[in-house]
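Okay, so here's the structure we're looking at.
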Amino acid sequence: MAKSGDKKRIQANQTFLKHFRLGIGVSNVIFIIIRLLLKRQTVSTWHVVGYVLALGAMFVSHSGLTSALTPAYSATGDVIFAGADLSMGGMLEYYQDVAYLCMFALTVGALTDWAWLVFLSIPLFCVHLIWKYVIGPWLNAPSQSEAMQELQEDDATKKRREKKERQAARREKFSTRRM
């Protein structure tokens, strides 16, 4: 027996996938009708390559979203897994972003050749993430010898600091008596 939260998530995921498939279909139909049929004299090899790449990216995104959002049932029909929550973010969010960029590129690409530049945002974003989470921390991390040296100096520095604090407290204590 599914809980009400599971039922709501299953229904929300099914509705999302239905609308998602509709968006993919509409963007493909618009591109095929306008660019490939009505403006067929302007179609070049790059348009076909872009269309195939967009289809591939949308297929991968759709497959990832479908596998994550599909519920799993036991042999008795009980819900084992209601599907992922779309608000979790992570890879589901990236799948959606790539698919929406592809839909936009196909829809606007039916009218202008400049729409294909939208695809450049995907590798640029990947470079940004790699820089932010891999290269940047790696470049800013201290070397092992520096880290070990800091740890060794910390004990000695701590003792010196504590000694100076005791001396300063003693000086302050005695200097206030004289006044």
Side-chain angles (χ1 to χ4, degrees), residues 1-140:
M1 189 59 98
K3 299 174 191 163
S4 68
D6 290 343
K7 290 178 183 177
K8 288 178 185 177
R9 182 177 294 165
I10 291 169
Q11 183 62 33
N13 288 348
Q14 288 173 347
T15 303
F16 172 80
L17 285 174
K18 184 179 84 173
H19 290 115
F20 190 72
R21 289 180 185 124
L22 181 67
I24 290 173
V26 167
S27 64
N28 279 298
V29 167
I30 288 172
F31 185 82
I32 289 170
I33 289 174
I34 294 176
R35 178 58 87 168
L36 298 181
L37 296 177
L38 297 177
K39 296 172 80 176
R40 66 178 164 264
Q41 62 274 14
T42 64
V43 175
S44 69
T45 306
W46 291 109
H47 291 101
V48 176
V49 168
Y51 180 67
V52 169
L53 287 175
L55 279 179
M58 283 192 291
F59 175 75
V60 169
S61 296
H62 180 266
S63 298
L65 284 169
T66 302
S67 67
L69 299 180
T70 303
Y73 297 99
S74 68
T76 60
D78 292 335
V79 175
I80 297 172
F81 177 65
D85 186 9
L86 284 171
S87 63
M88 286 188 335
M91 284 304 295
L92 295 179
E93 190 174 324
Y94 296 139
Y95 283 144
Q96 290 177 28
D97 292 344
V98 168
Y100 292 144
L101 283 173
C102 291
M103 288 181 218
F104 175 80
L106 286 180
T107 303
V108 178
L111 304 172
T112 179
D113 293 337
W114 293 102
W116 299 107
L117 292 176
V118 169
F119 283 126
L120 292 177
S121 64
I122 296 172
L124 289 175
F125 184 69
C126 290
V127 167
H128 164 72
L129 288 179
I130 290 171
W131 182 266
K132 182 177 178 182
Y133 293 112
V134 177
I135 297 173
W138 179 69
L139 289 176
N140 295 330

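Closest of all the heavy-atom pairs between Leu111 and Lys39 is O-NZ, 3.1 Å. The nearest pair of heavy atoms linking Ala84 to Met88 is CB-CE, 4.1 Å. Between Leu37 and Arg40, the shortest heavy-atom distance links the atoms O-NH1, 2.8 Å.
Distance CE/Met103 to CG/Leu22: 9.5 Å, rounded to 0.5 Å. Remark: Ile34 CD1 to Leu106 CG distance equals 11.5 Å, nearest 0.5 Å. Atom OG1 of Thr66 sits about 5.0 Å away from atom CG of Leu17, to the nearest 0.5 Å. For the atom pair Asn28 CG and Thr107 OG1, the distance stands at 8.5 Å (nearest 0.5 Å). Atom OH of residue Tyr95 and atom CG of residue Leu86 lie 13.5 Å apart, to the nearest 0.5 angstrom. Expressed to the nearest 0.5 Å, how far CG of Leu38 lies from CD1 of Ile32 amounts to 12.0 Å.
Residues Gln11 and Gln14 are in side-chain contact: their nearest non-hydrogen atoms beyond the backbone lie under 4.5 Å apart. With contacts defined as side-chain heavy-atom distances shorter than 4.5 Å, the pair Leu69/Phe16 qualifies. Side-chain contact between Phe20 and Met58 is absent, with no heavy-atom pair separated by less than 4.5 Å. Side-chain contact between Leu139 and Trp131 is present, with heavy atoms from C-beta onward closer than 4.5 Å. Looking at heavy atoms from C-beta onward, Phe119 lies in side-chain contact with Cys102 at the 4.5 angstrom threshold. Here the side chains of Tyr73 and Ile80 are not in contact, with every heavy-atom distance at 4.5 Å or above. At least one side-chain heavy atom of Ile135 sits less than 4.5 Å from a side-chain heavy atom of Ile130.
Ring-plane geometry between Phe31 and Tyr51 is classed as parallel, the angle between the planes falling under 30 degrees on a 0 to 90 degree scale with a further cut at 60.
For the pair Thr112 (side chain) and Gly109 (backbone), a donor-acceptor distance under 3.5 Å is absent. Panel note: side chain His128, backbone Leu124; no donor-acceptor pair is recorded below 3.5 Å. Side-chain atoms of Ser121 come within 3.5 Å of backbone atoms of Val118 as a donor-acceptor pair (strictly under, hydrogens ignored). Formation of a donor-acceptor pair under 3.5 Å by the Asp85 side chain with backbone atoms of Arg9 is not found in this model.
A salt bridge between Arg35 and Asp113 is present, with a side-chain N of the basic residue lying under 4.0 Å from a carboxylate O of the acidic one.
More than 12 heavy atoms of other residues, nucleotides or ligands shown are found within 6.0 angstrom of CZ on Phe81. When the shell of 6.0 Å around NZ of Lys8 is examined, it contains 12 or fewer heavy atoms from other residues, nucleotides or ligands.
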